[in-house]
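What you see below is based on every heavy atom in this structure, not just the backbone, and it leaves out hydrogens, waters and symmetry mates. On a predicted model such as this, the values are computed, not experimentally measured, just so you know. All chains are named by letter (A, B, ...) in the order of the sequence lines, taking the proteins before the strands, and each is independently numbered beginning at 1.
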Amino acid sequence: MTTNGPDMPVIPSEEGKSLSVSMPEEFSWDETLHYLTRSPAECLHQVEGRTVYKLLEFQGEPGLVRLQEQGQGALELTFGEGAPRPSWPLSQAVSYIREWLDGDTDLRPFYRMAENDGLLGPLTRRYRGLRIIGAPDLFEALCWAVTGQQINLPFAYMLKRRLVESFGRSLEAGGRRHWLFPQPEELADVPAEALKALQFTGRKAEYLLGIARLMADGELSKEGLLALGFAEAERRLLAIRGIGAWTAHYAMMRCFRHPAAFPIGDAGLHNALKQQLGLDRKPTEEEIRRIFSPWSGWEAYAVFYLWRSLT
DNA sequence: ATCCAGGCTCCTG
DNA sequence: CAGGAGCATGGA
């Protein structure tokens, strides 16, 4: 068996081909990397130095892409070296990356609004170019939110990793294994016991499987929710067992990129406000609403910048 | 040890 | 309908 016979097709023009992903001026690769590296247990992308690898899937076919900064507000996108080349074109990944890294939001109105704000002003200057890193896959966004309910973040990352490495597909390249988040179909028929063995609580196991079944059955989808609009999508999500206000808004923030999504009950948000405002206790929900009232329409970004202040 | 974690459901009164 | 117990584990 030959590995490099004359019948092996070689397409030089495809080798080393790269595409440019244009990003707005208000985009910071440093801030993006800071977010992407915040947990060593993260398994849905890999960061090596200032290079990001992520396994994507289109038409059921996985492909590894590599992202580097290109300068002039652009990223360089290539296929990851050492990985099987998918049949889909690299151009298919460009719009995904722009959505993932929030390249389509104009942050200038947010910055103008925050400019003279005593709380948000310093944060937007300190973390300028920070954008809401998305979770374009609805199932992933919901599972991640449910997983993170009421537990500390390191533990949540560990649970996610176990879930992904137990039920997701993967591909090895360059001595590293890259993972896809499981599809709803890949989780729908898993017994709750299997999730409990990964240290999910019995309750969370039920929540995750319930969401998986809804999506596998086509009763819940990103397209369907997008068609509903903000208020109706929220109502639909809240009707699902295991999804409360925090989870619904978290998903709308990370998956639907709704700038007015507002996970107001978030413990990290409370701690950030306490710290930024020098309070000796956490703010009440009423106080939070008052603090956020000037930022109407941009709550998700205000929350994201406040989260950033914690690390 | 005690309290808190990127909460939600379900049961009381 | 507000309030609180229970969930279950890890880190400070």
Legend entry - Closest nucleotide among dC10(B), dG7(B), dA5(B) to the Lys282(A) side chain: dA5(B)
Inset, instruction - Just call it for Ala245(A): base, sugar-phosphate, or nothing, with non-hydrogen atoms closer than 4.0 Å on any strand. - result: sugar-phosphate
Legend entry - Whichever of Arg241(A) and Arg254(A) has its nearest DNA chain B nucleotide further upstream toward 5': Arg254(A)
Legend entry - Check ion pair Arg50(A)-Asp30(A) (N to O, under 4.0 angstrom): yes
Inset, instruction - Provide the distance between the two C1' atoms, one in dA5(B) and one in dA2(C), to the nearest whole Å. - result: 24 Å
Legend entry - Whole-Å P distance, dC11(B) and dA8(C): 15 Å
Inset, instruction - Check for a donor-acceptor pair, side chain of Arg66(A) on one end and backbone N or O of Thr78(A) on the other, with a separation under 3.5 Å. - result: no
Expected list for residues 263-273 of chain A: side-chain donor-acceptor pairs under 3.5 angstrom, two or more places apart:
{"unit_1": "Asp266(A)", "atom_1": "OD1", "unit_2": "Trp246(A)", "atom_2": "NE1", "d": "2.9"}
{"unit_1": "Asp266(A)", "atom_1": "OD2", "unit_2": "Gly268(A)", "atom_2": "N", "d": "2.9"}
{"unit_1": "Asp266(A)", "atom_1": "OD2", "unit_2": "Leu269(A)", "atom_2": "N", "d": "2.7"}
{"unit_1": "Asp266(A)", "atom_1": "OD2", "unit_2": "Trp307(A)", "atom_2": "NE1", "d": "2.8"}
{"unit_1": "His270(A)", "atom_1": "NE2", "unit_2": "Ile264(A)", "atom_2": "O", "d": "2.9"}
{"unit_1": "His270(A)", "atom_1": "NE2", "unit_2": "Asp266(A)", "atom_2": "O", "d": "3.4"}
{"unit_1": "Asn271(A)", "atom_1": "ND2", "unit_2": "Ala267(A)", "atom_2": "O", "d": "3.4"}

Write down the protein N/O and nucleotide N/O pairs, taken from nucleotides 4-10 of chain C, whose separation is under 3.5 Å; answer none if there are no such pairs.
{"unit_1": "dA8(C)", "atom_1": "OP1", "unit_2": "Gly202(A)", "atom_2": "N", "d": "2.4"}
{"unit_1": "dA8(C)", "atom_1": "OP1", "unit_2": "Arg203(A)", "atom_2": "N", "d": "3.0"}
{"unit_1": "dT9(C)", "atom_1": "O3'", "unit_2": "Gln199(A)", "atom_2": "NE2", "d": "3.1"}
{"unit_1": "dG10(C)", "atom_1": "OP1", "unit_2": "Gln199(A)", "atom_2": "NE2", "d": "2.8"}
{"unit_1": "dG10(C)", "atom_1": "N3", "unit_2": "Asn152(A)", "atom_2": "ND2", "d": "3.2"}

Show me the donor-acceptor pairs within less than 3.5 Å that the side chains of residues 35-43 of chain A make with the rest of the protein, sequence neighbours left out.
{"unit_1": "Tyr35(A)", "atom_1": "OH", "unit_2": "Arg38(A)", "atom_2": "NH2", "d": "3.2"}
{"unit_1": "Tyr35(A)", "atom_1": "OH", "unit_2": "Arg254(A)", "atom_2": "NH1", "d": "3.3"}
{"unit_1": "Thr37(A)", "atom_1": "OG1", "unit_2": "Leu33(A)", "atom_2": "O", "d": "2.7"}
{"unit_1": "Thr37(A)", "atom_1": "OG1", "unit_2": "His34(A)", "atom_2": "O", "d": "3.4"}
{"unit_1": "Arg38(A)", "atom_1": "NE", "unit_2": "Tyr157(A)", "atom_2": "OH", "d": "3.0"}
{"unit_1": "Arg38(A)", "atom_1": "NH2", "unit_2": "Tyr157(A)", "atom_2": "OH", "d": "3.0"}
{"unit_1": "Ser39(A)", "atom_1": "OG", "unit_2": "Ala41(A)", "atom_2": "N", "d": "3.0"}
{"unit_1": "Glu42(A)", "atom_1": "OE1", "unit_2": "Lys160(A)", "atom_2": "NZ", "d": "3.1"}
{"unit_1": "Glu42(A)", "atom_1": "OE2", "unit_2": "Leu44(A)", "atom_2": "N", "d": "2.8"}
{"unit_1": "Glu42(A)", "atom_1": "OE2", "unit_2": "Lys160(A)", "atom_2": "NZ", "d": "3.0"}

Legend entry - Nearest-angstrom distance from the residue atom CD of Glu285(A) to C1' of dG7(B): 13 Å
Legend entry - Within residues 292-310 of chain A: residues closer than 4.0 Å to DNA chain C (heavy atoms): none
Legend entry - Between dT9(B) (C1') and Ile211(A) (CD1): distance, integer Å: 14 Å
Inset, instruction - Using whole Å, report how far CZ of Arg38(A) lies from P of dA5(B). - result: 16 Å
Legend entry - Any Asn271(A) side-chain nitrogen or oxygen under 4.0 Å from OP1 or OP2 of dA5(B): yes
Legend entry - Distance, rounded to the nearest Å, where Lys274(A) contributes NZ and dA5(B) contributes C1': 14 Å
Inset, instruction - Might you confirm whether atom CG of Asp106(A) has over 12 heavy atoms from other residues, nucleotides or ligands at distances under 6.0 Å? - result: yes
Inset, instruction - Find the distance Tyr157(A):OH to dA5(B):P and express it as a whole number of Å. - result: 17 Å
Inset, instruction - For Leu208(A) and dC8(B), give me the distance from atom CG to atom C1', rounded to whole Å. - result: 13 Å
Legend entry - Electrostatic pair Arg176(A)-Glu48(A), nearest N-O below 4.0 angstrom: yes
Inset, instruction - On DNA chain B, check which nucleotide each of Leu238(A) and Gly148(A) is closest to and give me the residue with the more 5' one. - result: Gly148(A)
Inset, instruction - Anything under 30° is parallel, anything over 60° is perpendicular, the rest tilted; go ahead and classify Phe292(A) against Trp295(A). - result: perpendicular
Inset, instruction - Determine yes or no for a side-chain-to-main-chain donor-acceptor pair under 3.5 angstrom, with Arg131(A) supplying the side chain and Leu101(A) the backbone. - result: no
Inset, instruction - Looking at every strand, decide which applies to Ile243(A) at a 4.0 Å heavy-atom threshold: base, sugar-phosphate, or nothing. - result: sugar-phosphate
Inset, instruction - Identify all stems in which DNA chain B takes part, counting only runs of at least 3 consecutive pairs (Watson-Crick or G-U wobble, each distance under 3.5 Å), and give each as one range with another, ordered by first number. - result: B:2-5 with C:9-12, B:7-13 with C:1-7
Inset, instruction - For the pair Ser22(A) and Arg98(A), evaluate side-chain hydrogen bond (donor to acceptor under 3.5 Å, both in side chains) and give the outcome as yes or no after the intermediate values. - result: CA-CA 8 Å; Ser22(A) 67; Arg98(A) 278 182 62 84; 3.3 Å; yes
Legend entry - Basic-acidic side-chain contact under 4.0 Å: Arg125(A), Glu115(A): no
Legend entry - Parallel, tilted or perpendicular: ring planes of Tyr301(A) versus Trp298(A), cut at 30 and 60 degrees: perpendicular
Can you give me every donor-acceptor pair (side chain of residues 220-244 of chain A, partner residue at least two apart or in another chain, under 3.5 Å) with its distance?
{"unit_1": "Ser221(A)", "atom_1": "OG", "unit_2": "Gly224(A)", "atom_2": "N", "d": "2.9"}
{"unit_1": "Lys222(A)", "atom_1": "NZ", "unit_2": "Glu99(A)", "atom_2": "OE2", "d": "3.1"}
{"unit_1": "Lys222(A)", "atom_1": "NZ", "unit_2": "Pro136(A)", "atom_2": "O", "d": "2.7"}
{"unit_1": "Glu232(A)", "atom_1": "OE2", "unit_2": "Arg235(A)", "atom_2": "NE", "d": "3.2"}
{"unit_1": "Glu232(A)", "atom_1": "OE2", "unit_2": "Arg235(A)", "atom_2": "NH2", "d": "3.1"}
{"unit_1": "Glu234(A)", "atom_1": "OE2", "unit_2": "His249(A)", "atom_2": "NE2", "d": "2.8"}
{"unit_1": "Arg236(A)", "atom_1": "NH2", "unit_2": "Glu219(A)", "atom_2": "O", "d": "3.1"}
{"unit_1": "Arg241(A)", "atom_1": "NH1", "unit_2": "Glu206(A)", "atom_2": "OE1", "d": "2.9"}
{"unit_1": "Arg241(A)", "atom_1": "NH2", "unit_2": "Glu206(A)", "atom_2": "OE1", "d": "3.3"}

